[in-house]
Amino acid sequence: MRYLDNYQPTPFKQKTSIFDQNRADLAVSFINCLKHTKGQWHGQPFELIDWQEQIIRDVFGILKPNQARQFNTAYVEISKKQGKSELAAAVALLLTCGDYEHGGEIYGCASDRQQASIVFDVAVDMVDQCPALKSRIKPVLSQKRLIYKPLGSFYQVLSAEAYTKHGLNVHGVVFDELHAQPNRNLYDVMLHGSGDARKQPLYFLITTAGTDRHSICWEVHQKAEDILAGRKIDQTFYPVIYGAGENEDWTDPKVWQKANPSMGITVDIEKIEVACENAKENPAEENLFRQLRLNQWVKQSVRWMPMEKWDKCRETIDPDDLLGRECYGGLDLSSSIDITAFVLVFPPKYDDEKYVIMPFFWIPEENIEQRVRRDHVPYDVWEKQNHMQTTEGNVVHYGFIESFIDELGTKYNIREIAFDRWGAVQMVQNLEGLGFTVVPFGQGFKDMSPPTKELMKLTLEEKIAHGGHPVLRWMMDNIFVRTDPAGNIKPDKEKSTERIDGAVATIMALDRAIRCGGNMGGSVYDERGILVL
C-alpha cells in the first residue's frame, strides 16, 4: 500500500485535537480499494495523488478529544481535470460505507440534478468494480440512490429545489461545483442545522473558481482565503485552494503547476500549453483559461473580439460576384425603436475559399438625429454612406425589411433564415408566406456557443471576408461574452455597452451556413464535433 511521503497534519489542527494514524490509514485504504472509472485509468486502483491524500488524512484523521472529526466542512477549490469528480465520489462512498454511521444520510448536491449525477455515476461505476461493495450495496438508480445494507445508510442525489430539503438528517454532503449555484438557498438548507443530530457530519465542498463575486461560493472562497492567511480562525473549517495568484503571470508554466497539482498525471502539460496559446490570441479564451485551468476568479463577461484580427479580414466584397450563390441569413429584430440587423453568410464552395459576410441594418428615420446626439455614434454618416438604411416613422418598418429581404432572395439563393424567437412572430409568418425557410434560433449557451467559438476561430485564421463594414465592425467591438460553468460562451447583451444586433445575426447565420451549407462534404460540426478552445 502506498502512503503519502513525509505526511504532516494540517496547521489548522487544534492544540487539543489529535491525529489518529489508524483512522487516517483506514480512510486512505478504503479509497485505494476503489478503482478509477474514466479513460486510460479505467479499472486501475485508485491510488490517491499526494494532494488528495493530504486532504483525506487531514479530514478523516484529525480528531477532537471526544474522538469525533475536528473538521465539519472541507472546501476544496481546484482547476478542472485534476481528478475532482473521482475524489468526490470516493468521499461519498467512504461516508456511506466506511464511516460506521448507522442510518447515515449522504447527499450529492450541485446546481442541478444532472450536475450532481456526474459524481453519483462515478460512484456507481466504482461500486460495480468493487466486489466487496457490490455485494453489500443496493442501487436504486431510478432515485439516484445507493443503499449500504449493513448500516442502512445511503448516498443520494438531490436537485436544487432547496425548499423541499428541510427535515433531512444529514451525515454527509458532497457539494460539486459550488460556484455554479444560482443562489445560496440549497447551501444554507444543507449546511445550517441539517447535521445537528449527527456526531461528526461532513460537508465536502469541491469546486472550480467562478465568476460571480456576489455568490455563495465567493463568500465561502473568501472565508477559506482568510483562514489560510490567518485573518480568521474556524477550527471546524478545512480550506484548500490550488490556484494562481491574481497578479501572477498566467502564461508561466511554474504558475500552471500551482493550480494543477495533478499535472502530468490526470492532465498533460501539452494540453495546457495549447489552451494557453489559444488564450493569448483571444480575450474570451484567456478568461476561460484563467478560470478553468488556473482556478482564478475572473469577470463573468469580457470584451471578446480582438479587433486587429477582425480588421485583417476586411477583404473587399463585390456583391455581383455572389449573385446566385447559396447563402444563409440571420435576423435580429431587437426592439422596434432600435437597430434591426439582417446578415447573409455565404459558405465557401471550395476549401481555399472564405466565408463571406454581407450585413444590412435599419434604423427609424425620425429619431436618427436624436440617437446620434444621445449615443455619440455616427448613424447619420453611415446612412449617407449606404451602410445603414432608414425606414419611415419613429419605429422600424418591418414591412419594408420584408420587401428588402424578398428582393435579396431574387439575387441570392437564401436557403434558410435563422431568427431570435423574441418579437419576430409576425415577420416570420410573412417571410414564410414569401417562400423563405425560417428556423428559430435559441439565444442560450447551447445554441450560441458553437457558432460564437467558430466565428472567433475563422477570424483568427482569416477565413472570413466582411469587407470592413463599419456598422458590423462597431458591433463586433461592442461584444462582451458570458461564460457558463462548462466553458460555453454567448454574446451578453446586458454587459455589452452598445448594440450587438449585427454580431448576433452574423453568429446565427454562420451556424446555419456551417451546419447546412456549401459543397464541402457536410457540417464542420459533424466532422470534428463542437469546437472547445
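Only a predicted model underlies this, so the values are computations on that prediction, with no experimental measurement involved.
- Atom CD of E270 has more than 12 neighbouring heavy atoms from other residues, nucleotides or ligands inside a 6.0 Å radius.
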Exercise for the section: Go through V122 and K38 one step at a time and tell me if the side chain to side chain contact (heavy atoms under 4.5 Å, CB included) criterion holds. Expected result: CA-CA 9 Å; V122 172; K38 303 293 183 184; 3.9 Å; yes

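- A salt bridge links E177 to K84: at least one charged side-chain nitrogen sits closer than 4.0 Å to a carboxylate oxygen.
- Using modelled atom types, no side-chain atom of E77 and backbone atom of V240 make a donor-acceptor pair closer than 3.5 Å.
- Between W41 and H36, the ring-plane angle classifies as tilted under the 30° and 60° cut-offs.
- More than 12 non-hydrogen atoms from other residues, nucleotides or ligands lie less than 6.0 angstrom from CZ of R145.
- Using cut-offs of 30° and 60° on the angle between ring planes, the pair H192 and Y187 is perpendicular.
- Side-chain N or O atoms of S79 include one that pairs as donor or acceptor with a backbone N or O of A259 at under 3.5 Å.
- Ion pairing between a basic and an acidic side chain is recognised when a charged N comes within 4.0 Å of a carboxylate O; K254 and D252 show no such pairing.
- Checked by atom type and distance alone, the side chain of R57 never pairs as donor or acceptor with a backbone atom of V28 at under 3.5 Å.
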Exercise for the section: Verify salt bridge (charged side-chain N to carboxylate O under 4.0 Å, His left out) between D125 and K35, making sure each step is shown before the conclusion. Expected result: CA-CA 9 Å; D125 202 351; K35 292 184 178 180; over 6 Å; no

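- Applying the ring pair (Phe, Tyr, Trp, His ring centres under 6.0 Å) test to every pair with at least one member in residues 77-135, sequence neighbours left out, gives these pairs: Y107-F154, F120-Y155.
- For NZ of K64, the number of neighbouring non-hydrogen atoms (other residues, nucleotides, ligands) closer than 6.0 Å is greater than 12.
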Handout entry: Check against salt bridge (charged side-chain N to carboxylate O under 4.0 Å, His left out), R69 and D99
Key = CA-CA 11 Å; R69 284 190 289 266; D99 222 20; 2.9 Å; yes

Problem - Derivation and outcome, salt bridge (charged side-chain N to carboxylate O under 4.0 Å, His left out), residues E219 and K223 - result: CA-CA 6 Å; E219 180 181 316; K223 178 177 180 178; over 6 Å; no

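- The environment of NZ in K463 is sparse: at most 12 heavy-atom neighbours from other residues, nucleotides or ligands sit within 6.0 Å.
- Counting non-hydrogen atoms of neighbouring residues, nucleotides and ligands closer than 6.0 angstrom, the NZ atom of K134 reaches no more than 12 such neighbours.
- At least one donor-acceptor pair under 3.5 Å links the side chain of N72 to the backbone N or O of P201.
- Listed for the Q82 side chain is a donor-acceptor partner under 3.5 Å among the backbone atoms of S262.
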